[in-house]
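Since the structure comes first, as structure tokens, the remarks are kept for the end.
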Amino acid sequence: AMLSVPLAELAQGRRGGPAGARRLFGGPGTGFGALFPEPADDGSLYFTRVTNGYYELARWNPATDPAARKIELLARGTGGYWLPSVGPGGKVAVSYVTSTGLRAAVLEPRKIDAVPPAVAEGIAHQPVHAPPPVSVSEPRGYNLLASLAPRIWVPYIALDQSQDQFGATLLGWDDLDQLEYSVFAWYDSISQKPEGIFSTFHRVETFKLGLAASSQVSAFALGRNATRAYEEERKLTASVTRPFPGAFASFAPTLLAEWARSYRDGDYGRHTFDAEQRLGAELVYDSLARYAYSILPEAGLHAELRGRRLFTGRAQAWKGLVNLNPTLPVIPLHSSLSLNAYFAVSPNPSLDIPVSQVRVGGAGTLSDLDPPLRGYPLGNFESQRAALVQTEYRVPVAQIFSGFGTWPVFLQNLGVLGFYDAAKFQRPTGEYGTLVSSAGAGLLLNATFGYAIPIQLRLEFAHGFRRNLNGEDSLAFFVKM
């Protein structure tokens, strides 16, 4: 309903209803939505409006602006400024959400006029046996550096026969949720050194500007006589995304540019490839839906279309990836069946650009358009074209919905899953290989940390059936947000 909720003033001399209303704000013409109108004694009107993902407290005064062309912005936040209530002296009481919880505040008219974005007066939380005093704070402007402290960290563990990883993810964002960043660092048993990914997004109006830097193992090969070789990629990415959010679905196109350099290392020595430049475009559509009792999304579609043009001083190639992930509700209640299909193509891969080949295996490297295949080493299969289907059946086994006293941990539900993966490849030589498959099972636990941050713990076992093609048994523990 918020998509087209207009704010209206009833015209004098007419009786109620749409015929006697004049739209002031909201609806398809001038804004995303308007909520909770509250009139004041001086004739002005306070209300909450939603624009570009922000909840804003706004005011309209017919005495100074009878044409309703100017709406004053008083306060803004992603958590909302809700339910304005005007009291004696024109004071406005509001509810709003911060990173530390739900708060109430009082805004005085003279301070609103002097410093519009500031919350002038806060009400402190006190024990129930004492009356809550009112503490007055000085108006303060938005300070980016003071609000960038890390908000949460989660561990990361992945173990299998060929690769072990131990690390953690650190997340942070500013108080206006305009800037967000993540640091994902781990120790990799293949390269035998730390690897990591740093990424940040900054929201400018309706666009998201991204910058990321990474160093990670992108492929691993185990040859005869236990010889081993791996490829490591270091990459810098700049991107711009324009999301189009809807009530039940979202669509996001992205343009990006990358600089990368690959290294091949292992028992055969180290080789450094030429630096690469990449230009790419992506389209992502998502309508997946989940509910309070869901362990994973129960219905909807996630679809991606990604492409890259790759350049070096001596070679060039292009690469594409299509991903379709419909999810269907099945029995028993809140169970789901996920059908995840990938098709990757690189018709003319170059030996001078390692990433130009389609490499399948492990968790994949979707940022390089390489799909996953559980039960096989990372990047184990090199090909020109690859088609892969993952079927996953998920069933809830317990609805917990319980916490631990005052600890900021709330357990929601527990579920189990079983999966089967199958892939078909066209080798770089042009011939098609036989079907390669794997199967496995896992446990899922959904929880909420810090009162507001959803966390999913996933323990997964996979068995690759083609042992002659490096099929393996892997056990992985993931923490996802």
Side-chain angles (χ1 to χ4, degrees), residues 148-173 180-201 210-222 228-237 239 258-267 270 272 354-355 359-380 438 440 442-447 449-450 453-462 464 470 472-481:
L148 278 180
R151 309 283 178 155
I152 190 173
W153 74 275
V154 292
Y156 171 74
I157 301 173
L159 307 172
D160 60 40
Q161 290 181 351
S162 59
Q163 184 179 35
D164 299 332
Q165 296 176 326
F166 307 90
T169 300
L170 186 71
L171 297 178
W173 55 89
E180 60 184 77
Y181 66 89
S182 67
V183 180
F184 179 25
W186 67 93
Y187 175 83
D188 196 305
S189 64
I190 292 179
S191 64
Q192 298 179 355
K193 63 182 179 181
E195 306 283 358
I197 301 172
F198 171 80
S199 64
T200 180
F201 286 96
L211 186 65
S214 65
S215 175
Q216 59 182 321
V217 174
S218 57
F220 172 75
L222 185 65
R228 53 192 296 276
Y230 69 91
E231 288 181 5
E232 183 180 28
E233 181 190 53
R234 295 174 185 171
K235 181 168 60 176
L236 180 66
T237 304
S239 64
E258 294 179 333
W259 178 92
R261 171 155 269 172
S262 297
Y263 305 86
R264 184 168 291 161
D265 207 343
D267 295 334
R270 184 175 178 86
T272 301
V355 75
R359 297 182 292 194
V360 182
T365 52
L366 293 181
S367 63
D368 287 336
L369 316 189
D370 291 325
L373 180 59
R374 291 169 285 194
Y376 295 88
L378 178 69
N380 185 70
S438 65
L443 289 172
L444 289 169
L445 175 65
N446 291 311
F449 281 61
I453 301 173
I455 299 290
Q456 183 184 91
L457 309 179
R458 180 171 179 141
L459 181 64
E460 183 178 279
F461 171 79
N470 295 329
E472 61 185 12
D473 294 326
S474 64
L475 181 67
F477 173 70
F478 303 100
V479 181
K480 299 178 63 178
M481 287 171 285

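With a 4.5 Å cut-off on side-chain heavy atoms, Phe477 and Leu457 count as touching. With a 4.5 Å cut-off on side-chain heavy atoms, Leu236 and Leu211 count as touching. Two residues are said to be in side-chain contact when any heavy atoms from C-beta on lie closer than 4.5 Å; Glu231 and Phe220 fail this criterion. Looking only at side-chain heavy atoms (C-beta outward), Ser182 and Ile197 stay at 4.5 Å or farther from each other. Residues Ile190 and Arg228 have side chains in contact (heavy-atom distance under 4.5 Å, counting atoms from C-beta outward).
Here Phe461 contributes atom CZ and Leu443 contributes atom CG; the two are 13.0 Å apart, rounded to the nearest 0.5 Å. For the atom pair CZ of Arg234 and OG of Ser218, the computed distance is 11.5 Å after rounding to the nearest 0.5 Å. How far OG1 of Thr169 is from CH2 of Trp153: 10.0 Å, rounded to the nearest 0.5 Å. Atom CZ of Arg270 and atom CG of Asp265 lie 5.0 Å apart (nearest 0.5 Å). In this structure, the separation between CG on Leu378 and OG1 on Thr365 is 6.0 Å, given to the nearest 0.5 Å. Atom CD of residue Glu180 and atom OG1 of residue Thr200 lie 7.5 Å apart, to the nearest 0.5 angstrom.
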Quiz item: Stepwise, does the side-chain hydrogen bond (donor to acceptor under 3.5 Å, both in side chains) test hold for Glu258 with Thr237?
Solution: CA-CA 4 Å; Glu258 294 179 333; Thr237 304; 3.2 Å; yes

Quiz item: Is there a side-chain contact (heavy atoms from CB on, under 4.5 Å) between Phe201 and Ser239 once you walk through the steps?
Solution: CA-CA 9 Å; Phe201 286 96; Ser239 64; 4.3 Å; yes

Practice problem: May I have the step-by-step check of side-chain contact (heavy atoms from CB on, under 4.5 Å) for Thr272 and Arg261, ending in yes or no? | Solution: CA-CA 8 Å; Thr272 301; Arg261 171 155 269 172; 3.9 Å; yes

Practice problem: Determine, step by step, whether Ser474 and Arg374 satisfy the side-chain contact (heavy atoms from CB on, under 4.5 Å) criterion, reporting the C-alpha distance in whole Å, the side-chain angles of both residues, the deciding distance to 0.1 Å, and the verdict. | Solution: CA-CA 8 Å; Ser474 64; Arg374 291 169 285 194; 5.8 Å; no

Practice problem: Show the numbers, then the answer: is there a side-chain contact (heavy atoms from CB on, under 4.5 Å) between Leu475 and Leu459? | Solution: CA-CA 7 Å; Leu475 181 67; Leu459 181 64; 3.9 Å; yes

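In terms of modelled atom types and a separation under 3.5 Å, the side chain of Asp164 and the main chain of Ser189 share no donor-acceptor contact.
Tyr187 and Pro194 get closest at one heavy-atom pair: CD1-N, 4.2 Å. The shortest heavy-atom contact between Leu366 and Pro372 is CD2-CD, 4.2 Å.
When each of Lys193, Lys235, Glu233, Glu195 is checked for a side chain to side chain donor-acceptor pair (under 3.5 Å) with Ser215, only Glu195 meets the rule.
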